[in-house]
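In what follows, a structure is listed as structure tokens, so that the remarks can point back to it.
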Amino acid sequence: MAAGSWGDDFDGPAGSAVDPAKWTLETGGSGNGNHELQYYTAGAANAALDGQGHLVITAKRNSDPGLSCWYGTCQYTSARLNTARTFTQAYGHFESRIKIPRGQGIWPAFWMLGNDLSTAGWPTSGELDVMENIGREPGTVHGTIHGPGYSGAGGIGAPYSLPGGQSFADAFHTFAVDWSPTAITWSVDGTAYQTRTPPTSAATAGSSTTRSS
């Protein structure tokens, strides 16, 4: 990796947890404003290395009656990781190579939030979604920005679909954004599919977050 860059190749023995010097695992079953049904766990219960250079995030049916979610006893567990404590950066090239899960009801995502989230709150802090997939759309991902006046369903973005009826769950794909003070460009496997420019794209430093829902 180039000087000044940040990354994780997830090298390590199978079953081990992620590097705590790079990642923070968020925990709890609050629903995160999306009515999510899962409880996010710590450690390697739902997010573990496979010994072959991959981090595997696994959603499971919950067997622990002591885990409480916003709707009662949690039905599922999963994992949600962020770099807010260890790495933030405004502008640059941000990418991740991901093989998403398959199925109705899932919502895997790779996104960035403003580093003033704790003080400004959402959506004032800004959000840049590098990739989101809705389970009912197996061949489509979405790149979106959110901010004051354009958040939630009003986010500004565009979809990208694979040709020939392919599903993203069939293989690994590289999801990326190139972010500068004047533009944000989204790409999949090196193919750019959307560019947004000010005033629609707010410039705030971002930390990466990923989840499997």
Side-chain angles (χ1 to χ4, degrees), residues 1-10 22-23 34 53-55 57 80-84 87-102 106-115 117 122-123 125-213:
M1 290 176 284
S5 67
W6 183 96
D8 196 338
D9 294 324
F10 300 114
K22 293 183 176 181
W23 297 97
N34 299 311
H54 305 116
L55 168 64
I57 300 175
R80 173 169 164 144
L81 303 86
N82 73 58
T83 68
F87 172 79
T88 64
Q89 178 175 306
Y91 312 128
H93 178 82
F94 302 83
E95 72 171 40
S96 184
R97 182 173 175 266
I98 301 171
K99 184 177 182 182
I100 67 168
R102 185 193 313 272
I106 63 160
W107 187 7
F110 167 42
W111 80 103
M112 297 188 285
L113 295 168
N115 67 356
L117 178 66
W122 188 91
S125 64
E127 175 177 333
L128 198 171
D129 299 328
V130 183
M131 179 280 295
E132 287 187 285
N133 169 259
I134 303 168
R136 66 176 181 269
E137 301 174 345
T140 301
V141 294
H142 298 264
T144 314
I145 50 176
H146 301 272
Y150 55 101
S151 61
I156 299 168
Y160 175 86
S161 297
L162 290 170
Q166 299 176 67
S167 296
F168 275 99
D170 291 337
F172 281 91
H173 294 275
T174 299
F175 305 99
V177 294
D178 286 279
W179 177 23
S180 76
T182 57
I184 306 172
T185 298
W186 287 255
S187 63
V188 174
D189 298 327
T191 299
Y193 69 93
Q194 171 185 204
T195 296
R196 298 288 171 174
T197 57
T200 58
S201 54
T204 58
S207 59
S208 297
T209 308
T210 184
R211 70 156 183 259
S212 177
S213 304

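As a basis for the values below, the full set of heavy atoms in this structure was taken, side chains included, without hydrogen atoms, waters or symmetry mates.
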Which pairs would a plain distance check flag for residues 133-142, meaning a side-chain donor or acceptor within less than 3.5 Å of a matching protein atom at least two apart in sequence or in another chain?
from	atom 1	to	atom 2	distance (Å)
Asn133	ND2	Glu137	O	3.0
Asn133	ND2	Thr140	O	2.9
Glu137	OE1	His142	NE2	2.8
Thr140	OG1	Ser161	OG	2.7

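The minimum heavy-atom distance between Pro148 and Pro123, with the atom names listed, is CD-O, 3.6 Å. Considering all non-hydrogen atoms of both residues, Trp186 and Arg196 come closest at CZ3-CG, 3.5 Å. Scanning all heavy atoms of the two residues, the minimum distance from Ala183 to Thr195 falls at CB-CG2, 4.0 Å. Residue Pro181 comes nearest to Pro198 through the heavy atom pair O-CG, 3.7 Å, listed as atom of the first residue, atom of the second, then distance.
Distance check: Ile100 CD1 to Glu132 CD gives 11.5 Å after rounding to the nearest 0.5 Å. In this structure, CZ in Phe110 is found 8.0 Å from CD in Glu95, a value given to the nearest 0.5 Å. Distance check: Phe172 CZ to Asp189 CG gives 12.0 Å after rounding to the nearest 0.5 Å. For the atom pair Thr144 OG1 and Leu128 CG, the distance stands at 9.0 Å (nearest 0.5 Å). With rounding to the nearest 0.5 Å, the separation of CG in Asn115 from OG1 in Thr88 is 5.0 Å.
For Phe175 and Phe94, the ring centers are positioned 6.0 Å apart or more. Aromatic pair Phe168/His173: ring centres closer than 6.0 Å. Between Trp23 and Trp6, the ring center distance clears the sub-6.0 Å criterion.
Side chain of Gln194 to main chain of Gly143: a donor-acceptor pair is present (N/O by atom type, distance under 3.5 Å, no hydrogens or angles). Formation of a donor-acceptor pair under 3.5 Å by the Thr83 side chain with backbone atoms of Phe87 is found in this model. In terms of modelled atom types and a separation under 3.5 Å, the side chain of Ser96 and the main chain of Ile98 share no donor-acceptor contact.
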Could you go through the side-chain hydrogen bond (donor to acceptor under 3.5 Å, both in side chains) check for Glu127 and Trp122 one step at a time? CA-CA 8 Å; Glu127 175 177 333; Trp122 188 91; 2.7 Å; yes
Pair Tyr160-Met131, side chain to side chain contact (heavy atoms under 4.5 Å, CB included): steps then yes or no: CA-CA 10 Å; Tyr160 175 86; Met131 179 280 295; over 6 Å; no
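The side chain to side chain contact (heavy atoms under 4.5 Å, CB included) test with His146 is passed by exactly one of Ile156, Asp129, Leu113: Asp129. Among Ile184, Ile145, Thr185, the one residue that satisfies the side chain to side chain contact (heavy atoms under 4.5 Å, CB included) test with Val177 is Ile184.
Partners of Asp178 by side chain to side chain contact (heavy atoms under 4.5 Å, CB included), not counting sequence neighbours, listed by chain and number: His93.
Between Asp170 and Arg102, at least one side-chain N (NZ, or NE/NH1/NH2) sits under 4.0 Å from a carboxylate O, which counts as a salt bridge.
Identified under the salt bridge (Lys or Arg N to Asp or Glu O under 4.0 Å) test for residues 141-161, with sequence neighbours left out: none.
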